[in-house]
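By convention in this document, chain letters (A, B, ...) are assigned in the order of the sequence lines, proteins followed by strands, and residues within each chain are numbered from 1.
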Number of protein chains: 2
Amino acid sequence: MNSNLEQSTARVAAAGKAARVASKRLALLSRAEKDAALGVLADAIEAAEASIVVGNGRDLERGRDAGISDSLADRLRMTPERVSAVAQALRDLAALPDPVGEVVRGNTLANGLQIKQVRVPMGVVGMVYEARPNVTVDAAGLGLKSGNAMILRGGSAAADTNAAIVAALRESLERQGLPADAVQLLDGGHEDVQALITARGLVDLVIPRGGAKLIETVVTGSTVPVIETGTGNVHVYVDADADLDMALEIAVNSKTHRPSVCNAAESLLVHRDVADEFLPRVLRTLADKDVTLHADERATALAGDVETKPVTDEAWNTEFHDLEMSVGVVDSLDEAIEHIDGYSTHHTDCIVTENRAAARAFIAQVDSAVVMVNASTRFTDGGEFGFGAEIGISTQKLHARGPMALAELTTTKWVVDGDGQIR
Amino acid sequence: MNSNLEQSTARVAAAGKAARVASKRLALLSRAEKDAALGVLADAIEAAEASIVVGNGRDLERGRDAGISDSLADRLRMTPERVSAVAQALRDLAALPDPVGEVVRGNTLANGLQIKQVRVPMGVVGMVYEARPNVTVDAAGLGLKSGNAMILRGGSAAADTNAAIVAALRESLERQGLPADAVQLLDGGHEDVQALITARGLVDLVIPRGGAKLIETVVTGSTVPVIETGTGNVHVYVDADADLDMALEIAVNSKTHRPSVCNAAESLLVHRDVADEFLPRVLRTLADKDVTLHADERATALAGDVETKPVTDEAWNTEFHDLEMSVGVVDSLDEAIEHIDGYSTHHTDCIVTENRAAARAFIAQVDSAVVMVNASTRFTDGGEFGFGAEIGISTQKLHARGPMALAELTTTKWVVDGDGQIR
């Protein structure tokens, strides 16, 4: 073990122990206490606006010197308006039901034992994410509402912003008589991530949120439970029986509404029976919206004067996260399902069809977190689903699948109530 | 990579691909088809009784030569009666509800999108377990009923028994027109386990079931999602306000009813206010049942002529899985909770009390999969809970906690049904 990793391991161990102590307090808070605290935290974030914006300025300056992209700088930027928005998000959390204490199921056994499965906090949750300071506030708020102590590891590009935010949150918690260690920030090097994801017994769950590489690092390197989030190679399939006007709107909206996010579509598959009519229209519309098109031979033949590149296997496997899309023609619904099975990251996949049997087959056979019929893939989102919040979108099958919010940050406990039963 | 591991990796990759293909068929089977298949598999197991018993004889002989313990030999042994019992367990599974297709939650959004979260099979599930051939049949049955393809890795001590069982199951599946690869057995060396737990993308979940060492190996070495099961350092705490006759029965039953299993109690804590009256009785009764007692100073002082050993930190941390127990006196409910927090494996912990406030505090503060009031810890069991089956008892917080059965072998999928919604 190199000395940096040793230091990180010690730092994470100390943070984990402090978080465990804090989590015991949090687990016993009533909903009223947690909701009141969220309101005070929101005020504290607004009161700290100046220090957050100043810290953010230093991060942005370092970023400029390092030549970060405009889109990265935009994600990193905290204006006074954005500070207000994240504070408001904390207030909005107070309006959501408390997942803790919910009875999931229960019954009375033949012997009179009353058993019930009750939601309880996870305990200590680690989050590893990139340079998006709003995630820092969201994670702290979701953690408090669900009764979990959070150990946060944001991207180093946002170090000063995150430090200002977490300082404001911790100070406010302390002033409220709540444990400051409910929210902790790891600000060491990459070794902190390594130490966090191997802190067995100290951390109950780690959620990585970011690009594919970050997620791969966390998932393969961790010895603590992890929820994989976010990578989305999302497909829209236009069936032989699609309403083609609807299909055009869905394909274009799924691709262009916000191309940088994980629920944006990356691939378009079109049934051969409607290819002649549909492809010239959709390719023209996408091209007019500056979408770079990777097309297979049959799609290229129908592209008219729209410029396309030959689609490669690599393109089919790429999450462009940009105005760029792979397009191809399939001979059948089965071929579409098989293609999706081979290339999808099992985040969200959509069929556009008026045919009941085709919709049923697609729903049954496409093995993704969210399977859609006749809707934009952009609806895979905790806010859109009505969860009121989102901590990420799980693309794994264990524990949580699809948009995750408060309930997904809890586990359950069985409570068995007897009057002397023995076996 | 050594050549054994290379071979195992290739073998697991082939098994995983075949399992994936099989899982697609299984996911589309109706409940009626699965229940009928379970009945035919039960018949096939009974028809293969002779070959199973012969294979088991070879395993037992090898075991004897290797000097395995009587209790291990007993777990390994397959008599004709035990073959009938495992076949019957398959028939019993047919009577249970199908978890697949259950709508967990759902609603219609403001924009008219109808969303629902539906249970679907995990896909491909790996199981790593020790020399208990009944687990082979149970896992195959639970897998089929929940629509999952199973890759089984039983203990090498049961190799011939498992081979006979799996051959019978696969032949029966094939004769029924179902995919034989729904049940596969890995019979290579330890490298097969290593290959299985790192088969990312091929295996959706691995469940280790066995001793602490096996589970540690799987959990720390895996890069696929894992559910930790089974280790149980289980406590019974007798409160100041306990009904002491009830406490005696619960303590004795929890320890002695079946000491080799994970829900048997290993530690007894007694509040000082009732120690004088309760400890002499319970220590005498336990000693009469041949329980070896590790007692702290205050318990030893109350042991009378019952022989005790001084309890050590190691004893408090030990799952004896035998007629052996650690016993101590605590000054308060808080001290009991703190002790349990320090030593419990968070499987099952029990309070015996007539005091409502003490029960509420214990339930709220003891962070275990099952928390009991006034009942034997032996009730932590899928069968006792009314699940009709059990694939293990999860001691982790992610996905499943406590006894796991059919529902815990499923994941969910969000189905979004629209009529052209875009953002």
Side-chain angles (χ1 to χ4, degrees), chain A residues 24 27-28 107 109 113 115 117 120 122-123 200 204-205 219-220 223 225-227 243 246 249-250 252-254 257-258 359 363-365 367-376 378-380 384-386 396-403 411-423, chain B residues 24 27-28 107 109 113 115 117 120 122-123 200 204-205 219-220 223 225-227 243 246 249-250 252-254 257-258 359 363-365 367-376 378-380 384-386 396-403 411-423:
Chain A
K24 290 179 200 292
L28 299 178
N107 56 300
L109 305 180
L113 280 181
I115 70 173
Q117 188 181 24
V120 295
M122 278 282 172
R200 266 172 68 69
D204 296 299
L205 168 65
V219 171
T220 56
T223 58
V226 165
I227 297 181
D243 172 330
M246 184 194 289
E249 285 209 309
I250 289 174
V252 172
N253 186 261
S254 297
H257 182 257
R258 196 172 166 203
I363 290 168
Q365 292 176 53
D367 185 24
S368 297
V370 183
V371 183
M372 293 189 168
V373 181
N374 295 347
S376 169
R378 289 277 295 122
F379 285 107
T380 296
E384 293 294 326
F385 274 24
Q396 76 177 32
K397 293 180 176 179
L398 208 65
H399 184 71
R401 203 172 184 209
T411 180
T412 58
K413 171 193 281 189
W414 284 95
V415 177
V416 175
D417 193 351
D419 52 4
Q421 283 82 351
I422 59 169
R423 285 180 72 179
Chain B
K24 290 179 198 294
L28 299 177
N107 55 299
L109 305 180
L113 280 182
I115 70 172
Q117 188 182 24
V120 296
M122 279 279 172
R200 266 172 68 71
D204 296 299
L205 168 65
V219 170
T220 56
T223 58
V226 165
I227 298 181
D243 173 330
M246 184 193 289
E249 285 209 308
I250 288 173
V252 172
N253 185 263
S254 297
H257 181 258
R258 196 171 166 203
I363 290 167
Q365 292 177 51
D367 185 25
S368 297
V370 183
V371 183
M372 293 189 168
V373 181
N374 296 347
S376 169
R378 289 278 295 120
F379 286 107
T380 296
E384 293 293 326
F385 273 23
Q396 77 176 32
K397 293 181 176 178
L398 208 66
H399 185 71
R401 202 173 184 209
T411 179
T412 58
K413 171 192 280 188
W414 284 95
V415 177
V416 175
D417 193 353
D419 52 3
Q421 283 82 351
I422 59 169
R423 284 179 74 179

Exercise. Return the minimal non-hydrogen interatomic distance between B/A375 and A/G418, and the atom names on each side.
Key: CB-CA, 4.5 Å
Quiz prompt | Part of B/L398 within contact of chain A (heavy atom distance under 4.5 Å) | solution = both
Quiz prompt | Engaged part of A/L205 at the chain B interface, taking heavy atoms whose separation is under 4.5 Å | solution = side chain
Quiz item: Do you know which of B/K397, B/M372, B/M246, B/Q421 has the most heavy-atom pairs under 4.5 Å to chain A?
Solution: B/K397
Quiz item: Considering only heavy atoms, which portion of A/A27 lies under 4.5 Å from any heavy atom of chain B: side chain, backbone, both, or neither?
Solution: neither
Quiz item: Measuring heavy-atom distances to chain A, does B/I115 have an atom under 4.5 Å in its side chain, in its backbone, in both, or in neither?
Solution: side chain
Quiz item: In Å and rounded to the nearest 0.5 Å, what is the CD to CG distance from B/Q396 to A/D204?
Solution: 10.0 Å
Quiz item: Which region of B/S368, side chain (C-beta onward) or backbone (N, CA, C, O), has a non-hydrogen atom less than 4.5 Å from a non-hydrogen atom of chain A, or is it both or neither?
Solution: backbone
Self-check item: For B/G402 against A/W414, the heavy-atom pair lying closest together
Solution: CA-CD1, 4.4 Å
Quiz item: Taking B/N253 for the side chain and A/R423 for the main chain, is one N or O donor matched with an acceptor at less than 3.5 Å?
Solution: yes
Quiz item: Does the pair A/R200 and B/V219 meet the rule for a side-chain contact (heavy atoms from CB on, under 4.5 Å), with working shown?
Solution: CA-CA 10 Å; A/R200 266 172 68 69; B/V219 170; 2.9 Å; yes
Quiz item: Which bit of A/K24 is near chain B, if near means a heavy-atom gap under 4.5 Å: side chain, backbone, both or neither?
Solution: side chain
Practice problem: Heavy atoms only, distances under 4.5 angstrom: which of B/L28, B/V371, B/D367 has the most pairs with chain A? Name it, please. | Solution: B/V371
Quiz item: Side chain, backbone, both or neither: which part of B/L113 has a heavy atom under 4.5 Å from chain A?
Solution: side chain
Practice problem: Side chain from CB out, backbone as N, CA, C, O: work out which of these in A/V120 comes under 4.5 Å of a heavy atom of chain B, or both, or neither. | Solution: side chain
Quiz prompt | Per-residue contact mode, A/D417 against chain B (heavy atom under 4.5 angstrom) | solution = both
Exercise. Between chain A and each of B/Q365, B/R378, B/Q117, count heavy-atom pairs under 4.5 Å; write down the option with the most.
Key: B/R378
Practice problem: With a 4.5 angstrom heavy-atom cut-off, could you sort out which part of A/V226 is near chain B: side chain, backbone, both or neither? | Solution: backbone
Self-check item: side chain to side chain contact (heavy atoms under 4.5 Å, CB included) against A/E249, all qualifying residues, sequence neighbours excluded
Solution: B/I422
Quiz item: Any side-chain heavy-atom pair from A/L109 and B/F379 closer than 4.5 angstrom?
Solution: no
